[in-house]
**Student:** 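My structure is below; once you've seen it, I'll send some questions.
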Amino acid sequence: MRAQVRSKSRDTRFLVIVSQSFDFSCHDRDLRAQGLKAAAAMTKGLGVPSARSPRLQAMPSATGGIARLVWARLREAGIQADNLLSKVGLTLAQIKDRKARLNVESQIKFLELGAEALQDDALGFHLALDFDLREIGLLYYVAASSGTIAEALSKAERYCRLVNEGISLRFSAKEMAIMLRYVGVERRSDRHQIEFWLTAIIRINRVLTNRRLVPSRVKVAHHRRTTPAEVRSFLGCEVEFGSDVDEIVLARSVGPMPVESADHHLNDLLVTFCEEALAHRKPGGVPLRSSIENAIAPLLPHREARAEEIARRLGMSHRTLARRLASEGLTFTGILDELKIDLAKSYLKKAELPISQTAWLLGYGEVSAFTHAFKRWTGMTPRQWRAEGNPERANDVNDRPHRAKGAQARSSRR
């Protein structure tokens, strides 16, 4: 009991110190109140030991800010969101309680359903464009009070897990590369959350420097046929979709750029508090299956998704991988086939992806081989499956192999 009293007293002193330390210029005076809210949220949420059950502790959680932005966008559009929330295992009470952490997989699924309901294929990007960056909370203030961009990104790398346990941010100061890796969550299940993160990271760097920084390179693991015009306009560069990594690379000259709102006294206080919060959030075990699937997905188009290669990438021998899979009642071939089925269905839902490209993305050299495999999995051909969900696509010329399209073109010229 005494320990709890001392802890509350320490947290109260911290909030008083923070309130005295937020001393910004006139146009940023409202940051003082926002900073207090961020610190208070940390005190009530991240700064205390978690009472979650062992089962829930292994499931990555997030502060849920993105899900709440989706919910707000749905309300603005007059769309009833309760049914969508229940489909992904969330409740309205969780959304309204800003201190409640949400399951990362549920947030990803809610984003997907929200995008479908809003008919917004770039929902993650759109949400990240206009939300108040201060809603990120204490992590934003740590970055905003850092001395340089490199320092801000280094601290974001360390404390990223406080915001989302399902994303690991890695920063290379030498290359000025920011890489996002999914932990305990299947990367293939997501598109909108990662686009939100990449957009928000670029926005933060621009706000902190008060410059329109243009990345040297942006890579994304999921697939789009082309970079949407509005995304290209915002970034100032093309996006390399279908890459083996989610990454932003900035010019090396950006690293030493000063942060306009730098305050090393405040930063020291916030870092101390983040360290205490981090100590209370012990990492849970990462499910083996999700680690394997995340390693397989980028290798499929290159036909390198072999058990030996996956084991090497996971830092274990082929025999150890087989033994661990067997202990969970799994096999590498079974995981590979199920992943291909799920990816195939996901790709076939996208009108812009021809079946020939879907076959290539899954590692098939010929469309006929993919068609045979898909029929074995589902009992119908890819074109039949696509037609059931989108009949007008059944006879789309883009669904034919390249040779077939060439033959039709020659025929039309005769």
Side-chain angles (χ1 to χ4, degrees), residues 11 14-47 62-73 76 95-102 107 124-149 151-164 167 169 178 193 196-213 234 257-274 277-278:
D11 292 338
F14 171 79
L15 294 178
V16 172
I17 293 171
V18 170
S19 68
Q20 295 170 343
S21 302
F22 272 90
D23 184 18
F24 294 91
S25 58
C26 293
H27 68 281
D28 280 335
R29 282 178 182 169
D30 61 328
L31 284 176
R32 181 175 182 272
Q34 294 292 339
L36 276 171
K37 289 181 181 179
M42 277 292 185
T43 302
K44 294 175 183 176
L46 298 176
T63 53
I66 305 176
R68 293 181 179 98
L69 289 174
V70 177
W71 179 74
R73 186 66 61 92
E76 290 172 6
I95 294 294
K96 289 186 174 181
D97 181 2
R98 290 188 169 272
K99 300 187 298 294
R101 292 182 69 90
L102 308 181
Q107 175 167 269
F125 168 75
H126 291 141
L127 290 174
L129 275 185
D130 53 19
F131 85 108
D132 190 334
L133 292 173
R134 294 170 297 185
E135 291 184 33
I136 295 171
L138 193 55
L139 183 62
Y140 172 73
Y141 290 99
V142 170
S145 58
S146 297
T148 66
I149 290 297
E151 180 187 337
L153 289 172
S154 293
K155 287 171 180 173
E157 174 182 22
R158 178 158 181 78
Y159 304 124
C160 169
R161 190 160 60 86
L162 296 178
V163 173
N164 192 317
I167 294 181
L169 187 152
I178 307 152
Q193 179 182 253
F196 178 96
W197 269 73
L198 294 171
T199 305
I201 288 171
I202 292 170
R203 271 194 68 201
I204 290 170
N205 281 281
R206 289 176 177 176
V207 168
L208 297 189
T209 60
N210 196 25
R211 301 187 187 187
R212 189 181 185 279
L213 300 178
F234 169 77
M257 284 185 182
V259 173
E260 291 211 336
S261 53
D263 183 333
H264 72 273
H265 295 295
L266 174 60
N267 193 259
D268 288 345
L269 289 169
L270 297 179
V271 164
T272 298
F273 199 71
C274 279
L278 198 62

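In this chain, residues are counted from 1 in sequence order. Since the model is a prediction, treat every value here as computed from it, not as a measurement.
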**Student:** Roughly how far apart are L153 CG and T148 OG1, rounded to 0.5 Å?
**Tutor:**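 Rounded to the nearest 0.5 Å, the CG-OG1 separation comes out at 8.5 Å.
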
**Student:** With side chains defined as the heavy atoms from C-beta onward, is the minimum distance between V259 and T209 less than 4.5 Å?
**Tutor:**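 V259 vs T209: side chains apart.
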
**Student:** Given side chain to side chain contact (heavy atoms under 4.5 Å, CB included), test L198 with F125 step by step and report yes or no.
**Tutor:** CA-CA 8 Å; L198 294 171; F125 168 75; over 6 Å; no

**Student:** How far apart are the closest heavy atoms of R212 and F234, and which atoms are they?
**Tutor:**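 Closest approach of R212 to F234: NH2-O, 3.0 Å.
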
**Student:** Dump the intermediate steps for side chain to side chain contact (heavy atoms under 4.5 Å, CB included) on R68 and E135, then the final yes or no.
**Tutor:** CA-CA 11 Å; R68 293 181 179 98; E135 291 184 33; over 6 Å; no

**Student:** For R206, does the CZ atom sit with more than 12 other heavy atoms under 6.0 Å from it, leaving out its own atoms?
**Tutor:** yes

**Student:** Would R73 pass as a cation-pi partner of F131, given that its NZ or CZ must be under 6.0 Å from the six-membered ring centre and within 45 degrees of the axis?
**Tutor:**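 Here R73 fails the 6.0 Å and 45° test against F131.
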
**Student:** Closest heavy-atom contact between I202 and L213?
**Tutor:**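 Closest heavy-atom pair between I202 and L213: CG2-O, 4.5 Å.
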
**Student:** Quick one: does NZ or CZ of R203 land under 6.0 Å from the six-membered ring centre of Y140, within 45 degrees of the ring axis?
**Tutor:**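 Not satisfied by the 6.0 Å and 45° rule.
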
**Student:** Please report the closest heavy-atom contact between L266 and S145, naming both atoms and the distance.
**Tutor:** CD2-CB, 4.2 Å

**Student:** Out of curiosity, L127 CG to F196 CZ, how far, rounded to the nearest 0.5 Å?
**Tutor:**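 Reported value, rounded in 0.5 Å steps: 6.5 Å.
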
**Student:** Let me see the working for I95 and L102 under side chain to side chain contact (heavy atoms under 4.5 Å, CB included), right down to the final yes or no.
**Tutor:** CA-CA 9 Å; I95 294 294; L102 308 181; 4.2 Å; yes

**Student:** What do the steps show when you test K155 against L270 for side chain to side chain contact (heavy atoms under 4.5 Å, CB included), and what is the final call?
**Tutor:** CA-CA 11 Å; K155 287 171 180 173; L270 297 179; over 6 Å; no

**Student:** Please examine the side chains of T63 and R101, heavy atoms only from C-beta on, and report whether any two atoms are closer than 4.5 Å.
**Tutor:**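 R101 reaches T63 side chain to side chain.
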
**Student:** Counting only heavy atoms not in R98, do more than 12 fall under 6.0 Å of its CZ?
**Tutor:** no

**Student:** Any side-chain to backbone donor/acceptor pair from N205 onto I201? Under 3.5 Å, distance only.
**Tutor:**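 Flag set: sc N205 to bb I201 pair under 3.5 Å.
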
**Student:** Can you tell me how far CD1 of I204 sits from CD1 of I149, rounded to the nearest 0.5 angstrom?
**Tutor:** 9.5 Å

**Student:** Considering all heavy atoms of both residues, which atom of L169 and which atom of A156 are nearest to each other, and what is their separation?
**Tutor:**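 Result for this residue pair: CD2-C, 4.4 Å.
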
**Student:** What's the spacing between F273 CZ and D268 CG if we round to 0.5 Å?
**Tutor:**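 Between F273 CZ and D268 CG, I get 15.5 Å after rounding to 0.5 Å.
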
**Student:** A143 and A152: which non-hydrogen atoms are nearest, and at how many Å?
**Tutor:**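 Distance-wise, the nearest heavy atoms are O-CB, 3.7 Å.
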
**Student:** Considering all heavy atoms of both residues, which atom of A62 and which atom of Q107 are nearest to each other, and what is their separation?
**Tutor:**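 That would be CB-NE2, 4.2 Å.
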
**Student:** Decide yes or no for L162 and L138: does some side-chain heavy atom of the first lie under 4.5 Å from some side-chain heavy atom of the second?
**Tutor:**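 Of all side-chain heavy-atom pairs linking L138 with L162, none is under 4.5 Å.
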
**Student:** Using the side-chain hydrogen bond (donor to acceptor under 3.5 Å, both in side chains) criterion, which residues pair with R158? Sequence neighbours excluded.
**Tutor:** E275

**Student:** Could you measure the distance from the CG atom of D132 to the CG atom of L69? Nearest 0.5 Å is fine.
**Tutor:**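 Atom-to-atom, D132:CG and L69:CG are 10.0 Å apart.
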
